[in-house]
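Keep in mind that the numbers below use all heavy atoms, side chains included, and drop hydrogens, waters and symmetry copies. In what follows, every chain begins at residue 1, and chains take the letters A, B, ... in the order their sequences are listed. The shown structure was predicted, so the numbers you read here are calculated from the model rather than taken from an experiment.
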Amino acid sequence: MSSRWLGAWPAIPALLLLFVFFLYPVVRMLGFSIEGGTLDWYTKALGESLYLQVFWNTFEIAFWVTLICLLLGYPLGFLLATTTPGWATVGFIFVLLPLWTSVLVRTYAWMVLLGRNGVFNRMMLEAGLISDPVPMLNNFSGVLIGMVHVLLPYMVLPIYGAVRRVDPALVSAAEGLGASNSRIFRRVYLPLTLPGIFAGSVIVFVLSLGFFITPALLGGGRVVMLAVMIEQQIHQTLNWPFAAALSAVLLVFTLAVYAAAQRFTRSADA
Amino acid sequence: MATRPTGLKAADLKVSGLQKRYGDVVALDGVSLDIASGELLTILGPSGSGKTTLLKVVAGFEKPDAGDVRIDGADITALPPARRDIGMVFQHYALFPHLTVRANVAFPLEMRNVPRAEIDKRVSETLQLVELGGYEQRLPKQLSGGQQQRVALARAIVFNPRLLLLDEPFGALDRKLRETMQLEVRRLQRRLGLTTIFITHDQEEALVLSDRIAVMNKGRIQQVATTTEIYERPANDFVADFVGESNIFHGTVTEPGVVSLEGGRRLFANHSGKVGQRMGVLMRPERFGRGTNVFAGEVKEAVYLGVSFKLRIACDDGLELIVRQPARGPLPAPGTRVNVAIEPEDIHVF
């Protein structure tokens, strides 16, 4: 046995765990999807417009969630990275607190806030801003709001890291060479934090693709994302092979996004 | 060729009464300096002496608590760095890692909205000037330390700044390269007639480069003078000790032309002190040779330094001297009896 494998021994329990509880189920699931030696379930998943619409919805929501997270997350990450240590700590508590709270709890909280008789609608009605409740739950915007809230930290943290890595001397140099604040941002911060923007966006996008709880609860069955549909196939129609085929397609999409991202980062490094 | 466009004259700089505190730490304690147009003034001091703070105040990165900074008589104390027209070379160059050499050097011109064609012309002229023609498309990380330094220098002078600031720019280079770059910077600075402030803690570097040196310690300027003046006639213990090797003693003037040291030794020295006055005495190690003041003693330590021997001698009268002698013959062994001597005019009394 060569010595480079000796270092692998301590990792064996974890590798076993991954194999038994992750790799095996995935392979088993893929087996379900081609049960009977047919690709019919895949033809159904990728051929019927109903299901294509769900794929499209999923990508559309993931796209908007990523974009909104980026627009909200960049200024926040930037602020955390450039403020005094005291304020940064306070800011971090606010960013991380949601991560330590159950997604389920947060999603129910949004239902209370966004509902027809929810906190927001009542406040706006009382203030006279609106005369009828604005639908914010069981629709696209409800799902967006909930998902952005859950996924925002995954955008903020990589951006925070990227901004922290920008050498303050570069900012001083740009300033001394005559750059205004907006030009310092565009010419120095933005290009140097692109890797952080990219990392955050990929994480948020990939997580969005497979998101379940938030779209299931805030979408109220009207906004159907892929994960929600897979769950329906398993619990309501009991069509496991079809659920497996949908899962396989989701897995491939996710890996494809990830691979494209890796490729892009590598070519940007070179 | 990239000489200064006519009509643009290097500026003179005047700082007066600068004060700056960080909490309990006094970084600048009443600093005043005049720098003439086209002059290279070095600010020399140990770390923590306030030299970097002074540079930051001049560049505009720090606001002084009191005092002002004037360029050509105009008060710029409140101006942000971007509007000061000061070129600066940072300690670790601070080149933009994502921009090519060309884009780095073009940066200050773009910030000034100089037309494209003019930018191209001036960038290539300046790169020629620092001998980096042909490197336009490289990224900073593809350059050696010396080349990065040249890019930083090109970027700092391409926009004809009114003042050039150099913040310990040679610290990261090896000795040979450092000496080459020092001479090159000096040549460029003279040719362009740039008013320049150079910050360093390296006294040798200061002597090589400067017109004048300002020695700083504890937030104060200890002495501002020409390089020879600083070396030959330091104003106080700190300057004498910080610049060059030195034998420093203290004593009292007992009669004209004589200083009696603590411990009793009488030295013949040229000075203008009055009888009874307490004075410092400086003897540079390399000035020992023949002379009226003779010291007999025993070699404690001897080091061979190529051009010279460096000896530590315990004199019979209790003094300990560092002496440099031309490296001729065998290196004296510890314990050897020696006589060393120094002329009165080679002793500086302050």
Side-chain angles (χ1 to χ4, degrees), chain A residues 70 74-75 77-79 81-89 158-202 261-270, chain B residues 52 55-62 76 79-100 103-114 119 139-142 148 151-169 172:
Chain A
L70 180 60
Y74 197 96
F78 190 89
L79 184 71
T82 49
T83 186
T84 58
W87 283 113
T89 310
I159 287 172
Y160 165 84
V163 175
R164 281 302 294 256
R165 278 193 297 275
V166 175
D167 180 358
L170 295 180
V171 180
S172 292
E175 220 181 336
L177 293 168
S180 60
N181 282 343
S182 70
R183 276 173 143 169
I184 291 175
F185 179 76
R186 270 184 290 138
R187 297 293 306 274
V188 180
Y189 272 119
L190 200 57
L192 289 175
T193 52
L194 266 182
I197 292 176
F198 198 71
S201 300
V202 169
Q262 285 291 329
R263 223 193 151 95
F264 185 83
T265 333
R266 231 176 295 135
S267 67
D269 277 351
Chain B
T52 301
L55 197 75
K56 283 181 176 166
V57 167
V58 172
F61 298 124
E62 293 280 1
I76 60 159
L79 274 190
R83 294 181 46 209
R84 291 191 178 201
D85 264 336
I86 292 177
M88 180 156 169
V89 176
F90 288 76
Q91 210 165 357
H92 301 288
Y93 318 138
L95 297 177
F96 303 120
H98 57 297
L99 298 180
T100 59
N104 262 286
V105 178
F107 190 91
L109 299 176
E110 283 169 12
M111 295 306 119
R112 285 164 177 73
N113 300 314
V114 174
I119 291 183
L139 287 173
K141 67 179 174 200
Q142 297 167 317
Q148 291 183 20
V151 178
L153 190 63
R155 191 178 66 174
I157 62 176
V158 70
F159 59 103
N160 292 315
R162 295 197 285 175
L163 197 65
L164 177 64
L165 306 181
L166 306 169
D167 184 8
E168 307 225 11

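- Taking Leu109(B), Asn113(B), Val89(B), Ile86(B) one by one and counting their heavy-atom pairs under 4.5 Å with chain A, the maximum is reached by Asn113(B).
- Looking at every heavy atom in both residues, Arg112(B) comes nearest to Gly178(A) through NH1-CA, 4.1 Å.
- Most heavy-atom pairs under 4.5 Å with chain A, from the set Pro81(B), Pro80(B), Pro97(B): that is Pro81(B).
- Only the side chain of Leu192(A) has a heavy atom closer than 4.5 Å to any heavy atom of chain B.
- Nearest approach of Met111(B) to Arg187(A), heavy atoms of both residues: CE-NH1, 3.8 Å.
- With a 4.5 angstrom heavy-atom cutoff, Leu99(B) touches chain A only via side-chain atoms.
- The environment of NE2 in His92(B) is sparse: at most 12 heavy-atom neighbours from other residues, nucleotides or ligands sit within 6.0 Å.
- Looking at Glu110(B), both its backbone and its side chain come within 4.5 Å of chain A, counting heavy atoms on both sides.
- Leu170(A) and Leu95(B) get closest at one heavy-atom pair: CD2-O, 3.1 Å.
- Both the backbone and the side chain of Phe96(B) come within less than 4.5 Å of a heavy atom of chain A.
- Between Ala169(A) and Ala94(B), the shortest heavy-atom distance links the atoms O-CB, 3.7 Å.
- Scanning all heavy atoms of the two residues, the minimum distance from Phe61(B) to Ser172(A) falls at CZ-O, 3.2 Å.
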